[in-house]
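The structure under discussion appears below in the form of structure tokens.
FYI, side chains are in, hydrogens and waters are out, and symmetry mates aren't considered; it's all heavy atoms of this structure. The sequence lines fix the lettering, A, B, ..., with proteins before strands; numbering per chain opens at 1.
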There are 2 protein chains.
Amino acid sequence: MSEGVEWAVHSCPNLAWLGEERAVPAAKLAAFYELPPAYLNKQLQALARAGVVTPTSGSRGGFRLARPPEKITLMDVVAAIEGEEEAFRCTEIRHRGGSDSGERGGPPCAIHTSMRKAELAWRRELASQSIADIASTVEEHSPDASERVRRWFGDTRA
Amino acid sequence: MSEGVEWAVHSCPNLAWLGEERAVPAAKLAAFYELPPAYLNKQLQALARAGVVTPTSGSRGGFRLARPPEKITLMDVVAAIEGEEEAFRCTEIRHRGGSDSGERGGPPCAIHTSMRKAELAWRRELASQSIADIASTVEEHSPDASERVRRWFGDTRA
DNA sequence: GTCGGCCTACTCGGATAGTACGTGTCCGAGTGAAACGGG
DNA sequence: CCCGTTTCACTCGGACACGTACTATCCGAGTAGGCCGAC
């Protein structure tokens, strides 16, 4: 799995804490985690294309969450970066060479079915957890997290 | 996910139907599915390293299942090809730059925990399905599958 | 007829190129804000 | 003092190199089986 997924998921709770009315430049988020600014920008662009965040150009521009953090799931973020297609691609090799029984389609590919079943379990688990859940868990362990984030992103502004 | 996973998983039920006392060369399996022989051989080598199949050299050599198909899970095969490490790698970016609270470790990374939870659901689902289950499902839909496989792999031998 | 040795053909196994995708970087188009000047 | 215009700095967005890992291939080491000859 791409490393950009980790960056994108980490960015979201910060955007949530900073509120929906405030835009954060990719460069500032990158500085927060010491990441390559241009490359993090690329990942945020992918989030924007997927409708997870909304971009704003010009001065005081940046990215903000497109909807309340309760409505954004980990599945949304992962799908935005990795793509919607399933990881296991069935190329129907059972219909090739000596294994071909002649009839196309017919019974579904048992292996494809099994792999998809596992992948659906993964997707279901990711879809059951929202950015708000992540933010809550973090604040539960360190209650000053949101305040620290707000201060850090506010300091360099003044 | 690598395409080799599909090839490896498809190969296993065939090895199961052909019995444990009979070895099948990689080249013959490749011909069965019209795959690059040398490359399929590479995947089978990975299965051998993981202890899923046992290789045999020399004439009448090849690969056979290392244990009964009921004891081989999809997880075993996928892990043999893709590796044991989890897909989402947490690089602890939360402890870098302005996000660093000073204390290493401390509370577990909430994002890592959530991603791992989803991945465990995936692994559990894969581990719950054996090669024997796959073979049974296939035979349920087309009862002559095992017989056809045995005949095809036997024909070129005589 | 049987046994031992040799030879051959066949198999895996790892080392070696080619290619697609993820990683990282750069510069330009567009925009919003702020500064400036005139009314 | 207020408003319109201009300028400017800042942001995203897509186009451009680089590295790694998957894909594909080839050739050599090793082995099991079969053949041949001697006993």
Taking the axis from the first five pairs and the axis from the last five, what angle separates them in the helix from C:dG1-D:dC39 to C:dG39-D:dC1, rounded to 10 degrees?
10°
Within residues 1-9 of chain A, those residues having any heavy atom closer than 4.0 Å to DNA chain D are none
Send over the distance from B:L47 CG to C:dC12 P, rounded to a whole Å.
13 Å
Return the set of residues passing ring-ring contact (aromatic ring centres under 6.0 Å, His included) with B:F63 (not counting sequence neighbours), or none when no residue passes.
none
Any protein N or O atoms within reach of nucleotides 9-11 of chain C? Criterion: under 3.5 Å, listing atom names and distances.
from, atom 1, to, atom 2, distance (Å)
C:dT11, O4', B:G58, O, 3.1

Mind checking whether A:V78 and B:F88 have side chains closer than 4.5 Å, heavy atoms only?
no
Taking the side chain as C-beta and beyond, is there a heavy-atom pair between B:L44 and B:P55 under 4.5 Å?
no
Provide, to the nearest angstrom, the distance between the CG atom belonging to B:L40 and the P atom belonging to D:dC22.
17 Å
Any heavy-atom pair between the side chains of A:P68 and A:E20 that's under 4.5 Å?
yes
Whole-Å distance, A:L44 CG to D:dC12 P, equals 8 Å
Do the side chains of B:R64 and B:V24 get nearer than 4.5 Å, heavy atoms only?
no
Looking only at heavy atoms, the pair that brings A:E82 and A:S2 closest together is OE2-OG, 2.5 Å
Could you give the side-chain donor-acceptor pairs of residues 123-131 of chain B under 3.5 Å, partners two or more places apart or in another chain?
from, atom 1, to, atom 2, distance (Å)
B:R123, NH1, B:E119, OE2, 3.0
B:R123, NH2, B:E84, O, 2.8
B:S128, OG, B:E125, O, 2.8
B:Q129, OE1, A:S114, OG, 2.8
B:S130, OG, B:A132, N, 3.3
B:S130, OG, B:D133, N, 3.1
B:S130, OG, B:D133, OD2, 3.2

Working to the nearest 0.5 Å, report the span between SG of A:C12 and CG of A:L29.
9.5 Å
Considering only nitrogen or oxygen atoms on both sides, find all protein atoms under 3.5 Å from nucleotides 27-29 of chain D and state each distance.
none

Report the residues that fulfil salt bridge (charged side-chain N to carboxylate O under 4.0 Å, His left out) with B:R67, sequence neighbours left out, ordered by chain and then residue number.
B:D76
Going by the rule ring-ring contact (aromatic ring centres under 6.0 Å, His included), which residues pair with A:Y39 if we only count those two or more places apart in sequence or in a different chain?
A:W7
If the condition is side chain to side chain donor-acceptor pair (under 3.5 Å), which residues does B:Q45 pass it with, not counting sequence neighbours?
none
Might you list the N or O atoms of the protein lying below 3.5 Å from N or O atoms in nucleotides 14-17 of chain C, with each pair's distance?
from, atom 1, to, atom 2, distance (Å)
C:dG14, OP2, B:Q45, OE1, 3.3
C:dG14, OP2, B:R49, NH1, 3.3

What is the distance from atom NE2 of B:H10 to atom CG of B:L35, rounded to the nearest 0.5 Å?
9.5 Å
When you measure from the side chain of B:Y39, which nucleotide among C:dG22, D:dG13, D:dT25 comes out closest?
D:dT25
Excluding sequence neighbours, so at least two apart, what forms side chain to side chain donor-acceptor pair (under 3.5 Å) with B:T137?
none
By salt bridge (charged side-chain N to carboxylate O under 4.0 Å, His left out), B:E139 pairs with (sequence neighbours left out) none
Kindly indicate whether the side chain of B:L65, heavy atoms from C-beta on, has any atom under 4.5 Å from the side chain of B:I72.
yes
May I have the distance from A:E34 (atom CD) to C:dG24 (atom C1'), rounded to whole angstrom?
17 Å
Length of the line joining A:I81:CD1 and C:dC21:P, which is rounded to integer Å:
17 Å
Which label fits A:F153 and A:F32: parallel for a plane angle under 30°, tilted from 30 to 60°, or perpendicular past 60°?
tilted
